[in-house]
Protein chains: 2
Amino acid sequence: MQEVRAGKREQILDVAGVNVIEKGFAATSIEEIIVEVGITKSGFFYHFSDKNELAKALLQRYIDMEEDIFRDIETRAYELNDDPLHGFLISLKLLAELAEDLPNGHPGCLIASYCYQSQLFSADIRDLNAQALMAWRMRFQRQLEKIAKTYPPRMEVDLADVADMLSAVADGGIILSRVMHDKSILPRQVMLYREFIKALFITH
Amino acid sequence: MQEVRAGKREQILDVAGVNVIEKGFAATSIEEIIVEVGITKSGFFYHFSDKNELAKALLQRYIDMEEDIFRDIETRAYELNDDPLHGFLISLKLLAELAEDLPNGHPGCLIASYCYQSQLFSADIRDLNAQALMAWRMRFQRQLEKIAKTYPPRMEVDLADVADMLSAVADGGIILSRVMHDKSILPRQVMLYREFIKALFITH
DNA sequence: TGTTTTACTGTACCCTCGGTACAGTTGACT
DNA sequence: AGTCAACTGTACCGAGGGTACAGTAAAACA
C-alpha cells in the first residue's frame, strides 16, 4: 500500500485547506493539490467524487477543529475561575493569546472564505456554514446569559447580538490582520471586545 | 458607435462587480460577463488587458464609492450635531439605517472578498486593499481623537483599535448577515458598536 | 472633406483545468 | 487463494483564460 504516512485523504485535506484559505476555492486547482500530495488525479477522485465533496469535507473538518478549540478554551477558563463573567473574560484572554502566538498570524476563517464564494457550493455546504455560525452564537449566548443572571447588563442590548459580535470581531479582525499585514490586529480586537464585555457587565 | 448607453467599460464593471461579490473573482468567468453585457471577448480585452486589470478597476471603483458614502454620512451627521461625540453617534445610526434599508442586505465587501483570494492578484492590488483599510482607520481614528479631547475615555484603549473595530464589526457583520441569511445582523452589529462607543465616552 | 482615433467585432488558436470512464495494480486482511 | 481498499495509468471531453491580429463603423479632429 502506498499509504506511507497518515492516508492520502488527510493529506489532500491538509494541502487543500492551506491553499483554499490562501487563494480561495475556485483558484485552488485539483492539479496543484495532487502534485503537492504526490498522487494521481484518479487517486483524488477515488476519495472525493467531485470538487464540491472536497469543499464539504474541508468545511466539516474546519468546523470540528474550531469546535475543539473553543471547547478546550472554555474548559480551561472555567477551571481557572468558575464565575461566569470572569471565566468568560479568561476565555477571551486565552483566545487573544492563541491568536497572538500564531507565527504567521491567523491563516483565515474558512467560513468567511466560503461566504464570498458561496455560489460555487451546493446548498448543503451553505447550510453547514450557517449552522456553524449559529452554533457559535448559541455557545457564546449561553455564557452571556449565565453572566447576566449575576451581573445585570448596564446597557440595553440583545445578548444574541453580543454573542454574534465576537464572531464578527474575530472574522473582521482576521481580515484586517491579513490585508494590513499586521498579525497583532486580531488579538487586539479580541481584547477590545473583552473591554466591551467588562463595560457591559461590571459596575465601576 | 455601439456605445448605446453609458459605455461598455462601465457595464463590464457593473456586471463583474455583482458577480465577483456573489461568487468570488476566480469563479467569475470573462465569458459570462461578456454574454451579460452583450459584447465580444475582443471587446473585453480592449478595455482590460487581462483579468487582473479588471480586478484593479473594480476595487478602485469600490473604494471610491465607499469613500463617497462615508464622506456623505459624516457631513450629514455633523450638520445635525457638531459635537464630536454626538456627531459620531449619529454617523453610526445613519450607517446602520443605510444597511437596514438595503433590500437584499449588504451585497458584500470587496476588500473582504479579495482578502481571501489575494494570491490571485498582483501586489499593487493587495496594496490598494491595505491602503483602503488604513484610510478607514485614519478616518475613524481622527473622529475618535476629537471626541477624546472633550470626553476622556472611561477605559484604557488604543483609539486606532477602536477605529479598526468599526471596520471589523462591519466586515464581520456582512459575513454573518450573508451566511445566516439575516440582513438585520449587520445594522444590529453597527448599533452594538455604537453602544460600545457610548460606554467608552459617556459617564452615567 | 479626408484622416485619425475610439471602440469595438470576428476568427482562429493554445493551454490549463474540472470531470468522466475504465482497466490495471498492489498490499493487507480473511 | 481470494477479496477489498487504495490507489495508478491512459485517454478523452468541454469550458474558460488568454493571445494575436485583421477588420470596421462612427465620431472627432484638422
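Labels below follow one simple rule: chain letters A, B, ... track the order of the sequence lines, proteins then strands, and each chain is numbered from 1.
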Measure the distance from [atom1] on [X] to [atom2] on [N] and round it to the nearest whole Å.
| X | N | atom1 | atom2 | answer |
| --- | --- | --- | --- | --- |
| A:Lys41 | C:dG24 | NZ | P | 22 Å |
| A:Gln11 | D:dC7 | CD | C1' | 13 Å |
| A:Ile12 | D:dA6 | CD1 | C1' | 11 Å |
| B:Phe44 | C:dT6 | CZ | P | 20 Å |
| B:His47 | C:dT9 | NE2 | P | 8 Å |
| A:Leu54 | C:dG19 | CG | C1' | 14 Å |
| A:Phe45 | D:dC12 | CZ | C1' | 14 Å |

Checklist entry - Is it true that B:Glu32 and B:Lys23 have a side-chain N and a carboxylate O under 4.0 angstrom from each other? => result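 Looking at B:Lys23 together with B:Glu32, the answer is yes, because their closest N to O distance falls below 4.0 Å.
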Tabulate below the donor-acceptor pairs under 3.5 Å that side-chain atoms of residues 169-176 of chain B make, not counting sequence neighbours, or state none.
none

Item to check | Check: A:Thr40 side chain, D:dG9 base, donor-acceptor under 3.5 Å | outcome: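 Between D:dG9 and A:Thr40, which were checked side chain against base, a qualifying N/O pair under 3.5 Å is absent.
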Item to check | Centroid separation B:Tyr114 to B:Phe121 less than 6.0 Å | outcome: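 That pair passes the under 6.0 Å test.
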Checklist entry - What about A:Phe201 and A:Phe88, are their ring centers closer than 6.0 Å? => result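 Judged by ring-centre distance (under 6.0 Å), A:Phe201 and A:Phe88 do not meet the cut-off.
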Item to check | Residue B:Tyr46, side-chain atoms from C-beta onward, closest of C:dA7, D:dG18, D:dA5 | outcome: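 In terms of side-chain proximity for B:Tyr46, the closest of C:dA7, D:dG18, D:dA5 is C:dA7.
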Item to check | Residue B:Arg76 excluded, over 12 heavy atoms near CZ under 6.0 Å | outcome: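 Not more than 12 within 6.0 Å, no.
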Checklist entry - Any donor and acceptor pair, going by atom type alone, linking the side chain of B:Gln189 with main-chain N or O of A:Ala168 inside 3.5 Å? => result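 Flag not set: sc B:Gln189 to bb A:Ala168 has no pair under 3.5 Å.
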Next on the checklist: Please give me every residue in residues 30-38 of chain B whose heavy atoms get under 4.0 Å of an atom in DNA chain D, ordered by residue number.
Outcome noted: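 DNA chain D contact set from residues 30-38 of chain B: B:Ile30, B:Glu31.
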